[in-house]
Trainee: 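One structure, pasted below without further comment.
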Amino acid sequence: MTELNSGLTDSNLKDLNLQNQAQKASFDAWVANHQARMENVLDAHMPSAETLPTTLHEAMRYSVLGGGKRVRALLAYAAGEFCGAELTTIDLPAASVELIHAFSLVHDDMPCMDDDALRRGKLSTHKKYGDAIALLVGDALQSLAFQLISQNKSLENATQKLQMLHLLALASGSRGMAGGQAIDLESIGIPLTREELEQMHIHKTGALIRAAALLGAYSSAKEDEDKLKAIDHFAKAIGLVFQVVDDILDAEADTQTLGKTAGKDAQNNKSTYVTILGLSAAKQLASELHANAMAALSYYGREADLLRQLATFITHRSF
Ligand code: GRG
(Lines give C-alpha, C1' and ligand atoms only; values in the text may rest on other atoms or scores of the structure.)
Protein backbone atom coordinates (compact mmCIF):
# COMPACT_ATOMS: atom_id res chain seq x y z
CA MET A 1 0.00 0.00 0.00
CA THR A 2 1.59 3.34 -1.03
CA GLU A 3 1.26 6.48 1.11
CA LEU A 4 0.60 9.69 -0.84
CA ASN A 5 1.82 13.22 0.07
CA SER A 6 -1.50 14.06 1.72
CA GLY A 7 -1.07 11.17 4.17
CA LEU A 8 -3.84 9.26 2.40
CA THR A 9 -3.11 5.73 1.30
CA ASP A 10 -4.22 4.67 -2.18
CA SER A 11 -6.80 2.43 -0.50
CA ASN A 12 -8.16 5.49 1.42
CA LEU A 13 -8.30 7.37 -1.87
CA LYS A 14 -10.20 4.54 -3.54
CA ASP A 15 -12.75 4.58 -0.69
CA LEU A 16 -13.10 8.35 -1.02
CA ASN A 17 -13.65 8.08 -4.77
CA LEU A 18 -16.30 5.42 -4.27
CA GLN A 19 -17.99 7.58 -1.62
CA ASN A 20 -17.97 10.60 -4.00
CA GLN A 21 -19.37 8.50 -6.83
CA ALA A 22 -22.14 7.17 -4.60
CA GLN A 23 -22.99 10.71 -3.42
CA LYS A 24 -23.09 11.97 -7.00
CA ALA A 25 -25.29 9.06 -8.12
CA SER A 26 -27.68 9.70 -5.24
CA PHE A 27 -27.83 13.45 -6.05
CA ASP A 28 -28.37 12.75 -9.78
CA ALA A 29 -31.25 10.45 -8.82
CA TRP A 30 -32.69 13.16 -6.53
CA VAL A 31 -32.53 15.70 -9.38
CA ALA A 32 -34.19 13.36 -11.90
CA ASN A 33 -36.85 12.40 -9.37
CA HIS A 34 -37.74 15.99 -8.46
CA GLN A 35 -37.63 17.21 -12.06
CA ALA A 36 -40.14 14.48 -12.94
CA ARG A 37 -42.23 15.37 -9.89
CA MET A 38 -42.33 19.03 -10.97
CA GLU A 39 -43.32 18.05 -14.51
CA ASN A 40 -46.27 16.08 -13.10
CA VAL A 41 -47.33 18.90 -10.77
CA LEU A 42 -47.23 21.45 -13.61
CA ASP A 43 -49.04 19.09 -15.97
CA ALA A 44 -51.78 18.44 -13.41
CA HIS A 45 -52.31 22.12 -12.60
CA MET A 46 -52.48 23.59 -16.09
CA PRO A 47 -55.75 23.51 -18.00
CA SER A 48 -55.82 20.73 -20.62
CA ALA A 49 -55.28 21.65 -24.28
CA GLU A 50 -58.93 20.64 -24.88
CA THR A 51 -60.24 23.24 -22.41
CA LEU A 52 -61.51 26.45 -24.01
CA PRO A 53 -59.80 28.64 -25.17
CA THR A 54 -57.88 25.72 -26.64
CA THR A 55 -55.12 27.60 -28.48
CA LEU A 56 -54.14 29.56 -25.39
CA HIS A 57 -54.11 26.46 -23.21
CA GLU A 58 -52.16 24.45 -25.77
CA ALA A 59 -49.62 27.28 -26.01
CA MET A 60 -49.33 27.53 -22.21
CA ARG A 61 -48.59 23.82 -22.00
CA TYR A 62 -46.14 24.08 -24.91
CA SER A 63 -44.26 26.85 -23.10
CA VAL A 64 -44.05 25.17 -19.71
CA LEU A 65 -43.91 21.39 -20.20
CA GLY A 66 -41.23 19.13 -21.62
CA GLY A 67 -38.17 21.27 -21.16
CA GLY A 68 -36.06 23.30 -18.80
CA LYS A 69 -33.73 22.21 -16.05
CA ARG A 70 -36.25 23.14 -13.32
CA VAL A 71 -33.43 24.70 -11.30
CA ARG A 72 -35.82 27.02 -9.45
CA ALA A 73 -38.13 24.17 -8.44
CA LEU A 74 -35.11 22.10 -7.33
CA LEU A 75 -33.98 25.01 -5.16
CA ALA A 76 -37.42 25.28 -3.60
CA TYR A 77 -37.49 21.52 -2.88
CA ALA A 78 -33.94 21.49 -1.45
CA ALA A 79 -34.51 24.57 0.74
CA GLY A 80 -37.89 23.22 1.85
CA GLU A 81 -36.44 19.83 2.77
CA PHE A 82 -33.62 21.59 4.65
CA CYS A 83 -36.26 23.44 6.71
CA GLY A 84 -38.32 20.32 7.35
CA ALA A 85 -41.23 20.99 4.97
CA GLU A 86 -43.26 18.17 3.45
CA LEU A 87 -42.74 17.64 -0.29
CA THR A 88 -46.47 17.95 -0.95
CA THR A 89 -46.46 21.39 0.70
CA ILE A 90 -43.55 22.56 -1.48
CA ASP A 91 -45.07 21.33 -4.79
CA LEU A 92 -47.27 24.32 -5.59
CA PRO A 93 -44.93 27.12 -4.44
CA ALA A 94 -42.17 25.45 -6.48
CA ALA A 95 -44.50 25.19 -9.49
CA SER A 96 -45.45 28.86 -9.12
CA VAL A 97 -41.81 29.95 -9.55
CA GLU A 98 -41.44 27.73 -12.62
CA LEU A 99 -44.58 29.33 -14.09
CA ILE A 100 -43.26 32.86 -13.52
CA HIS A 101 -39.93 31.78 -15.00
CA ALA A 102 -41.63 30.26 -18.08
CA PHE A 103 -43.69 33.46 -18.42
CA SER A 104 -40.51 35.55 -18.42
CA LEU A 105 -38.90 33.32 -21.07
CA VAL A 106 -41.93 33.58 -23.38
CA HIS A 107 -41.94 37.38 -23.13
CA ASP A 108 -38.16 37.64 -23.27
CA ASP A 109 -38.08 35.80 -26.62
CA MET A 110 -40.56 38.16 -28.27
CA PRO A 111 -39.42 40.60 -30.99
CA CYS A 112 -39.94 43.59 -28.67
CA MET A 113 -37.43 42.11 -26.22
CA ASP A 114 -34.59 39.66 -27.01
CA ASP A 115 -36.17 38.40 -30.23
CA ASP A 116 -35.22 34.74 -30.24
CA ALA A 117 -36.69 31.95 -32.34
CA LEU A 118 -35.41 29.08 -30.21
CA ARG A 119 -36.11 28.11 -26.59
CA ARG A 120 -35.56 24.82 -24.81
CA GLY A 121 -34.58 23.23 -28.09
CA LYS A 122 -37.81 24.11 -29.89
CA LEU A 123 -39.47 27.10 -31.54
CA SER A 124 -40.07 29.92 -29.07
CA THR A 125 -43.75 30.43 -28.23
CA HIS A 126 -44.36 33.51 -30.41
CA LYS A 127 -42.70 31.76 -33.39
CA LYS A 128 -45.10 28.85 -33.02
CA TYR A 129 -48.30 30.63 -31.96
CA GLY A 130 -47.79 34.28 -32.94
CA ASP A 131 -47.10 37.38 -30.85
CA ALA A 132 -50.62 37.92 -29.51
CA ILE A 133 -50.95 34.40 -28.10
CA ALA A 134 -47.41 34.56 -26.69
CA LEU A 135 -48.30 37.76 -24.86
CA LEU A 136 -51.41 36.12 -23.41
CA VAL A 137 -49.48 32.96 -22.49
CA GLY A 138 -47.17 35.08 -20.34
CA ASP A 139 -50.06 36.93 -18.72
CA ALA A 140 -51.99 33.73 -18.00
CA LEU A 141 -48.95 31.90 -16.60
CA GLN A 142 -48.34 34.78 -14.23
CA SER A 143 -51.92 34.66 -12.94
CA LEU A 144 -51.79 30.89 -12.60
CA ALA A 145 -48.62 31.15 -10.48
CA PHE A 146 -50.38 33.26 -7.86
CA GLN A 147 -53.51 31.11 -8.09
CA LEU A 148 -51.50 27.96 -7.26
CA ILE A 149 -50.04 29.48 -4.10
CA SER A 150 -53.43 30.70 -2.95
CA GLN A 151 -55.10 27.31 -3.56
CA ASN A 152 -52.40 25.18 -1.92
CA LYS A 153 -54.51 22.82 0.21
CA SER A 154 -51.39 21.28 1.78
CA LEU A 155 -50.71 24.61 3.42
CA GLU A 156 -53.53 25.67 5.71
CA ASN A 157 -51.79 28.61 7.34
CA ALA A 158 -53.09 31.78 5.62
CA THR A 159 -50.23 33.90 6.96
CA GLN A 160 -47.70 31.60 5.31
CA LYS A 161 -49.60 31.83 2.02
CA LEU A 162 -49.73 35.63 2.21
CA GLN A 163 -46.00 35.74 2.91
CA MET A 164 -45.40 33.63 -0.20
CA LEU A 165 -47.66 35.74 -2.41
CA HIS A 166 -45.92 38.89 -1.22
CA LEU A 167 -42.46 37.44 -1.86
CA LEU A 168 -43.31 36.22 -5.37
CA ALA A 169 -45.00 39.50 -6.31
CA LEU A 170 -41.97 41.52 -5.20
CA ALA A 171 -39.51 39.16 -6.91
CA SER A 172 -41.27 39.24 -10.27
CA GLY A 173 -42.35 42.89 -10.35
CA SER A 174 -40.70 46.21 -11.14
CA ARG A 175 -38.37 45.94 -8.15
CA GLY A 176 -37.43 42.41 -9.14
CA MET A 177 -37.36 40.54 -12.43
CA ALA A 178 -39.39 42.95 -14.58
CA GLY A 179 -37.26 45.85 -13.29
CA GLY A 180 -34.06 43.96 -14.11
CA GLN A 181 -35.35 43.31 -17.61
CA ALA A 182 -36.10 47.04 -18.04
CA ILE A 183 -32.52 47.91 -17.05
CA ASP A 184 -31.27 45.22 -19.44
CA LEU A 185 -33.25 46.61 -22.38
CA GLU A 186 -32.15 50.17 -21.63
CA SER A 187 -28.50 49.20 -21.54
CA ILE A 188 -28.25 47.54 -24.95
CA GLY A 189 -25.20 48.99 -26.68
CA ILE A 190 -24.17 50.90 -23.54
CA PRO A 191 -21.15 49.43 -21.76
CA LEU A 192 -22.00 48.74 -18.09
CA THR A 193 -19.61 48.74 -15.15
CA ARG A 194 -19.31 45.51 -13.20
CA GLU A 195 -21.40 47.06 -10.37
CA GLU A 196 -24.17 48.10 -12.82
CA LEU A 197 -24.18 44.63 -14.39
CA GLU A 198 -24.42 43.03 -10.95
CA GLN A 199 -27.35 45.29 -9.99
CA MET A 200 -29.17 44.35 -13.18
CA HIS A 201 -28.71 40.62 -12.59
CA ILE A 202 -29.60 40.76 -8.89
CA HIS A 203 -33.01 41.93 -10.14
CA LYS A 204 -33.43 40.16 -13.48
CA THR A 205 -32.28 36.66 -12.53
CA GLY A 206 -31.34 36.72 -8.85
CA ALA A 207 -34.67 37.88 -7.41
CA LEU A 208 -36.62 34.88 -8.70
CA ILE A 209 -33.90 32.41 -7.72
CA ARG A 210 -33.86 33.88 -4.21
CA ALA A 211 -37.67 33.70 -4.13
CA ALA A 212 -37.55 30.03 -5.16
CA ALA A 213 -35.34 29.09 -2.22
CA LEU A 214 -37.31 31.21 0.25
CA LEU A 215 -40.66 29.84 -0.97
CA GLY A 216 -39.30 26.37 -0.21
CA ALA A 217 -38.26 27.52 3.26
CA TYR A 218 -41.61 29.26 3.89
CA SER A 219 -43.36 25.94 3.13
CA SER A 220 -42.21 24.63 6.49
CA ALA A 221 -44.38 25.13 9.56
CA LYS A 222 -41.23 25.39 11.69
CA GLU A 223 -39.87 28.91 11.92
CA ASP A 224 -36.10 28.96 12.08
CA GLU A 225 -34.67 32.47 11.62
CA ASP A 226 -31.08 31.21 11.36
CA LYS A 227 -31.94 28.77 8.59
CA LEU A 228 -33.90 31.47 6.74
CA LYS A 229 -30.92 33.82 6.92
CA ALA A 230 -28.56 31.09 5.73
CA ILE A 231 -30.86 30.27 2.80
CA ASP A 232 -31.15 33.94 1.91
CA HIS A 233 -27.35 34.38 1.80
CA PHE A 234 -26.97 31.12 -0.07
CA ALA A 235 -29.63 32.01 -2.65
CA LYS A 236 -28.20 35.49 -3.30
CA ALA A 237 -24.81 33.97 -4.13
CA ILE A 238 -26.44 31.24 -6.22
CA GLY A 239 -28.53 33.79 -8.14
CA LEU A 240 -25.37 35.60 -9.20
CA VAL A 241 -23.35 32.48 -9.96
CA PHE A 242 -26.25 31.27 -12.09
CA GLN A 243 -25.99 34.40 -14.23
CA VAL A 244 -22.17 34.42 -14.43
CA VAL A 245 -22.30 30.83 -15.69
CA ASP A 246 -25.12 31.77 -18.09
CA ASP A 247 -22.82 34.45 -19.57
CA ILE A 248 -19.92 31.98 -19.82
CA LEU A 249 -22.14 29.40 -21.54
CA ASP A 250 -23.50 32.01 -23.94
CA ALA A 251 -19.90 32.71 -24.99
CA GLU A 252 -18.58 29.14 -24.99
CA ALA A 253 -21.37 26.64 -25.68
CA ASP A 254 -23.17 25.89 -28.94
CA THR A 255 -26.82 26.44 -29.82
CA GLN A 256 -27.68 22.73 -29.82
CA THR A 257 -26.31 22.18 -26.32
CA LEU A 258 -27.99 25.31 -24.94
CA GLY A 259 -31.33 24.76 -26.67
CA LYS A 260 -31.36 28.52 -27.32
CA THR A 261 -29.31 30.72 -29.64
CA ALA A 262 -25.69 30.82 -28.48
CA GLY A 263 -23.66 34.03 -28.70
CA LYS A 264 -26.81 36.11 -28.29
CA ASP A 265 -25.24 38.59 -25.86
CA ALA A 266 -22.42 39.55 -28.23
CA GLN A 267 -24.90 39.68 -31.13
CA ASN A 268 -27.11 42.08 -29.13
CA ASN A 269 -24.13 44.16 -28.05
CA LYS A 270 -24.80 43.49 -24.37
CA SER A 271 -22.40 43.81 -21.45
CA THR A 272 -21.84 40.47 -19.72
CA TYR A 273 -19.44 39.13 -17.11
CA VAL A 274 -17.39 37.77 -20.01
CA THR A 275 -17.18 41.08 -21.89
CA ILE A 276 -16.38 43.02 -18.70
CA LEU A 277 -14.01 40.57 -16.97
CA GLY A 278 -12.86 38.21 -19.71
CA LEU A 279 -13.53 34.46 -19.79
CA SER A 280 -10.93 33.41 -17.29
CA ALA A 281 -11.83 36.03 -14.63
CA ALA A 282 -15.54 35.26 -15.14
CA LYS A 283 -14.79 31.60 -14.35
CA GLN A 284 -12.80 32.67 -11.30
CA LEU A 285 -15.76 34.82 -10.17
CA ALA A 286 -18.12 31.84 -10.58
CA SER A 287 -15.94 29.76 -8.31
CA GLU A 288 -15.72 32.58 -5.71
CA LEU A 289 -19.51 32.94 -5.68
CA HIS A 290 -19.84 29.16 -5.37
CA ALA A 291 -17.54 29.36 -2.32
CA ASN A 292 -19.71 32.18 -0.89
CA ALA A 293 -22.80 30.02 -1.28
CA MET A 294 -21.07 27.14 0.51
CA ALA A 295 -19.90 29.49 3.28
CA ALA A 296 -23.51 30.53 3.92
CA LEU A 297 -24.22 26.91 4.93
CA SER A 298 -21.02 26.34 6.91
CA TYR A 299 -22.81 26.10 10.27
CA TYR A 300 -24.87 23.14 9.05
CA GLY A 301 -24.03 19.48 8.62
CA ARG A 302 -25.42 16.78 6.33
CA GLU A 303 -28.91 18.35 6.36
CA ALA A 304 -27.58 21.08 4.01
CA ASP A 305 -25.89 18.66 1.58
CA LEU A 306 -28.64 18.86 -1.04
CA LEU A 307 -28.28 22.64 -1.17
CA ARG A 308 -24.50 22.28 -1.44
CA GLN A 309 -24.78 19.76 -4.25
CA LEU A 310 -27.28 21.99 -6.02
CA ALA A 311 -24.84 24.91 -5.82
CA THR A 312 -22.19 22.75 -7.47
CA PHE A 313 -24.69 21.53 -10.08
CA ILE A 314 -25.61 25.14 -10.98
CA THR A 315 -21.97 26.27 -11.11
CA HIS A 316 -20.75 23.35 -13.25
CA ARG A 317 -23.76 22.92 -15.54
CA SER A 318 -23.16 22.66 -19.28
CA PHE A 319 -26.46 24.24 -20.46
C1 GRG B 1 -42.04 38.10 -15.49
C2 GRG B 1 -42.88 40.19 -14.38
C3 GRG B 1 -42.25 39.55 -15.54
C4 GRG B 1 -41.90 40.28 -16.61
C5 GRG B 1 -41.22 39.78 -17.77
C6 GRG B 1 -39.21 39.25 -19.94
C7 GRG B 1 -38.98 39.62 -18.53
C8 GRG B 1 -39.95 40.49 -17.86
C9 GRG B 1 -37.92 39.23 -17.83
C10 GRG B 1 -36.90 38.35 -18.42
C11 GRG B 1 -36.17 37.67 -17.36
C12 GRG B 1 -35.23 36.69 -17.96
C13 GRG B 1 -35.53 36.05 -19.25
C14 GRG B 1 -34.14 36.38 -17.29
C15 GRG B 1 -33.15 35.41 -17.81
C16 GRG B 1 -32.94 34.41 -16.81
C17 GRG B 1 -32.25 33.21 -17.38
C18 GRG B 1 -30.79 33.14 -17.22
C19 GRG B 1 -32.97 32.27 -17.98
C20 GRG B 1 -32.50 30.92 -18.32
O21 GRG B 1 -32.87 30.11 -17.22
P22 GRG B 1 -32.61 28.55 -17.19
O23 GRG B 1 -31.24 28.26 -17.71
O24 GRG B 1 -33.67 28.04 -18.26
O25 GRG B 1 -32.94 28.05 -15.84
P26 GRG B 1 -34.45 26.65 -18.33
O27 GRG B 1 -34.90 26.55 -19.76
O28 GRG B 1 -33.49 25.55 -17.94
O29 GRG B 1 -35.61 26.74 -17.39
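Both ligands and their constituent atoms are indexed starting at 1 by order of listing.
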Trainee: So does Glu223 have more than 12 non-hydrogen atoms from other groups sitting under 6.0 Å from CD?
Mentor: no
Trainee: For atom 10 (C) of ligand 1, grab the closest protein heavy atom and report residue, atom and distance to one decimal in Å.
Mentor: Gln181 OE1, 3.3 Å
Trainee: If you round to the nearest 0.5 Å, how far is CG of Asn20 from NZ of Lys24?
Mentor: 11.0 Å
Trainee: Mind running side-chain contact (heavy atoms from CB on, under 4.5 Å) on Gln151 and His45 for me, showing each step along the way?
Mentor: CA-CA 11 Å; Gln151 78 183 34; His45 287 86; 3.8 Å; yes
Trainee: Has Val71 got any heavy atom lying under 4.0 angstrom from an atom of ligand 1?
Mentor: no
Trainee: Report the part of Phe319 (side chain from C-beta onward, or backbone N, CA, C, O) that has a heavy atom under 4.0 Å from ligand 1; answer both or neither where that applies.
Mentor: neither
Trainee: In sequence, state the C-alpha distance, the side-chain angles, and the governing distance for Thr312 and Thr315, and then conclude on side chain to side chain donor-acceptor pair (under 3.5 Å).
Mentor: CA-CA 5 Å; Thr312 304; Thr315 309; over 6 Å; no
Trainee: Flag His101 as yes when one of its N or O atoms lies below 3.5 Å from any N or O atom of ligand 1, and as no otherwise.
Mentor: yes
Trainee: Below 4.0 angstrom from a heavy atom of Ala178, which ligand 1 atoms are there? Numbered from 1 as shown, please.
Mentor: 2 (C), 4 (C)
Trainee: Show, in sequence, the C-alpha distance, side-chain angles and deciding distance for Asp116 and Lys260, and conclude whether the salt bridge (charged side-chain N to carboxylate O under 4.0 Å, His left out) test is met.
Mentor: CA-CA 8 Å; Asp116 210 316; Lys260 60 182 179 179; over 6 Å; no
Trainee: Can you name the atoms of ligand 1, numbered from 1 with element, that are less than 4.0 Å from a heavy atom of Asp246?
Mentor: 18 (C)
Trainee: Looking at Ser172, which atoms of ligand 1 are within less than 4.0 Å of one of its heavy atoms?
Mentor: 2 (C), 3 (C)
Trainee: Quick one: which of Ile90, Leu148, Thr88, Asp91 gives a side chain to side chain contact (heavy atoms under 4.5 Å, CB included) with Val41?
Mentor: Asp91
Trainee: If the contact criterion is a heavy-atom separation under 4.0 Å, does Arg72 count as touching ligand 1?
Mentor: yes
Trainee: Nearest 0.5 Å, what's the NE2-CD1 distance between His290 and Ile238?
Mentor: 6.5 Å
Trainee: To check your reading of the model: name the closest protein heavy atom to atom 14 (C) of ligand 1, its residue, and the distance in Å.
Mentor: Lys204 CE, 3.4 Å
Trainee: Considering non-hydrogen atoms of the protein only, which is the closest contact for atom 1 (C) of ligand 1, and what is the distance?
Mentor: Met177 CE, 2.7 Å
Trainee: Test side chain to side chain donor-acceptor pair (under 3.5 Å) on Glu288 and Gln284 and set out the steps.
Mentor: CA-CA 6 Å; Glu288 281 164 24; Gln284 176 59 32; 3.2 Å; yes
Trainee: Below 3.5 Å, N or O to N or O, backbone or side chain included: is there any such pair between Gln243 and ligand 1?
Mentor: no
Trainee: Run the numbers for me: atoms of ligand 1, each under 4.0 Å from some heavy atom of Gly68, listed by number.
Mentor: 26 (P), 27 (O), 28 (O), 29 (O)
Trainee: Without hydrogens or angle criteria, can the side chains of His107 and Gln142 be said to hold a donor-acceptor pair below 3.5 Å?
Mentor: no
Trainee: Once you restrict to heavy atoms under 4.0 Å, what part of Lys69 touches ligand 1? Side chain, backbone, both or neither.
Mentor: both
Trainee: How many angstroms lie between atom NE2 of His101 and atom CZ of Arg72, to the nearest 0.5 angstrom?
Mentor: 3.5 Å
Trainee: Return the closest protein heavy atom for atom 6 (C) of ligand 1 as residue, atom name and distance.
Mentor: Ser104 O, 3.4 Å
Trainee: Closer than 4.0 Å to some heavy atom of Arg120 - which atoms of ligand 1 meet that?
Mentor: 26 (P), 27 (O), 29 (O)
